[in-house]
Amino acid sequence: MQKLINAFRHSQIDIAVLRLSVIIVFLAFGVAKWFEFEVQLLKPLISPTWLNFLYDWFGYHGASYFLGVVEGIAYVGLFVGFWQPKWGIVGAITVLGTGFVTLSMMLQLGFNGFIFKDILLIGAGLVLLKTDLNRLYTEK
């Protein structure tokens, strides 16, 4: 049992599982942005908030697609980050940005459990950012 504990303590399995978990979340939400049901689900969330300008700029479908592209940058960056930490940094910063932007909507919407979950994504983004920064600067 001690060997198993030591192997876990010295492995990167926790970071790999965290990275994969965030990739799956962003992949699911990012892909959904390209479908009509998500366009309709976003309207009551975005319309009363400061993000309403996205509808002025892109329209309802375009705003949803734009958000899908941003989430795509996050999951692609994190995925490529398994091998190239620079891309992982891009993905992690995107995760942090989307988390803070989404949480900022609570000021206008009030408490919303769906939005509140982004606190966890901010924590995950910070861990992945630190990990990839450490990988980038110890490889050189």
Side-chain angles (χ1 to χ4, degrees):
M1 184 62 151
Q2 190 62 37
K3 280 186 176 183
L4 186 60
I5 291 170
N6 282 336
F8 175 72
R9 287 183 52 226
H10 295 94
S11 74
Q12 290 291 310
I13 190 73
D14 52 341
I15 298 301
V17 169
L18 179 64
R19 183 181 302 274
L20 191 56
S21 299
V22 176
I23 289 169
I24 291 168
V25 168
F26 272 79
L27 179 65
F29 285 116
V31 169
K33 298 292 189 287
W34 296 90
F35 294 96
E36 183 65 27
F37 74 89
E38 185 72 8
V39 172
Q40 299 306 319
L41 287 172
L42 287 174
K43 285 181 184 179
L45 280 176
I46 292 177
S47 293
T49 69
W50 67 273
L51 285 177
N52 190 40
F53 76 89
L54 291 175
Y55 291 148
D56 295 334
W57 287 7
F58 303 118
Y60 292 117
H61 289 84
S64 187
Y65 302 157
F66 171 77
L67 295 173
V69 168
V70 171
E71 290 171 344
I73 292 167
Y75 67 75
V76 168
L78 291 175
F79 182 75
V80 176
F82 273 115
W83 300 278
Q84 296 186 20
K86 285 183 182 178
W87 280 96
I89 291 167
V90 170
I93 289 171
T94 306
V95 168
L96 287 167
T98 60
F100 284 117
V101 166
T102 304
L103 276 176
S104 74
M105 293 168 47
M106 281 186 26
L107 296 172
Q108 293 167 305
L109 294 174
F111 180 80
N112 179 314
F114 181 74
I115 293 173
F116 192 69
K117 64 141 176 46
D118 279 59
I119 289 175
L120 182 61
L121 290 174
I122 290 170
L126 283 172
V127 169
L128 293 172
L129 177 61
K130 180 180 176 184
T131 298
D132 286 332
L133 284 170
N134 285 336
R135 286 175 53 215
L136 182 65
Y137 289 107
T138 57
E139 288 180 359
K140 293 183 176 183

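Note: hydrogens, waters and symmetry copies are ignored here, and every other heavy atom, side chains too, is used.
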For the [atom1] atom of [X] and the [atom2] atom of [Y], what is their distance to the nearest 0.5 Å?
X: F35; Y: S64; atom1: CZ; atom2: OG; result: 10.5 Å
X: L128; Y: L18; atom1: CG; atom2: CG; result: 4.5 Å
X: L129; Y: N134; atom1: CG; atom2: CG; result: 9.5 Å
X: L51; Y: L67; atom1: CG; atom2: CG; result: 7.5 Å
X: F79; Y: L20; atom1: CZ; atom2: CG; result: 9.0 Å
X: Y55; Y: L42; atom1: OH; atom2: CG; result: 5.0 Å

Which heavy atom in [X] sits nearest to a heavy atom in [Y], and how many Å separate them?
X: I115; Y: M106; result: CG2-CG, 3.5 Å
X: A92; Y: G125; result: CB-O, 3.7 Å
X: F37; Y: A32; result: CZ-CB, 3.9 Å
X: L45; Y: T49; result: O-CG2, 3.2 Å
X: T94; Y: A74; result: CG2-CB, 3.7 Å
X: S104; Y: W50; result: OG-NE1, 2.9 Å

With [X] via side chain to side chain donor-acceptor pair (under 3.5 Å) - residues at least two apart:
X: S47; answer: none
X: N6; answer: R9
X: K43; answer: Q40

Result block: side-chain N/O donor-acceptor pairs under 3.5 angstrom for residues 117-124, not counting sequence neighbours:
from, atom 1, to, atom 2, distance (Å)
K117, NZ, F114, O, 3.2

* For I73, the option from V95, T98, V90, I93 that meets side chain to side chain contact (heavy atoms under 4.5 Å, CB included) -> V90
* Provide the full list of side chain to side chain donor-acceptor pair (under 3.5 Å) pairs with a residue in residues 15-34, sequence neighbours left out, each pair given once. =>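 Of all non-adjacent pairs touching residues 15-34, those that pass side chain to side chain donor-acceptor pair (under 3.5 Å) are R19-D132, K33-E38, K33-E71.
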* Structure fact -> Hits for ring pair (Phe, Tyr, Trp, His ring centres under 6.0 Å) against F100, two or more places apart or cross-chain, chain-then-number order -> none
* **Over 12 non-hydrogen atoms of neighbours within 6.0 angstrom of CZ in F53** =>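 Yes, CZ of F53 has more than 12 neighbouring heavy atoms, counting only those of other groups under 6.0 Å.
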* Asked: Around atom CZ of F66, are there more than 12 heavy atoms of other residues, nucleotides or ligands at under 6.0 Å?
  -> no
Is it possible for you to say whether [X] and [Y] belong to one hydrophobic cluster, with membership spreading through side-chain heavy-atom contacts below 4.5 Å?
X: I46; Y: W57; result: yes
X: I13; Y: W83; result: no
X: I15; Y: V17; result: no

* To do: Carefully, step by step, assess F26 and V70 under the rule side chain to side chain contact (heavy atoms under 4.5 Å, CB included).
  => CA-CA 10 Å; F26 272 79; V70 171; over 6 Å; no
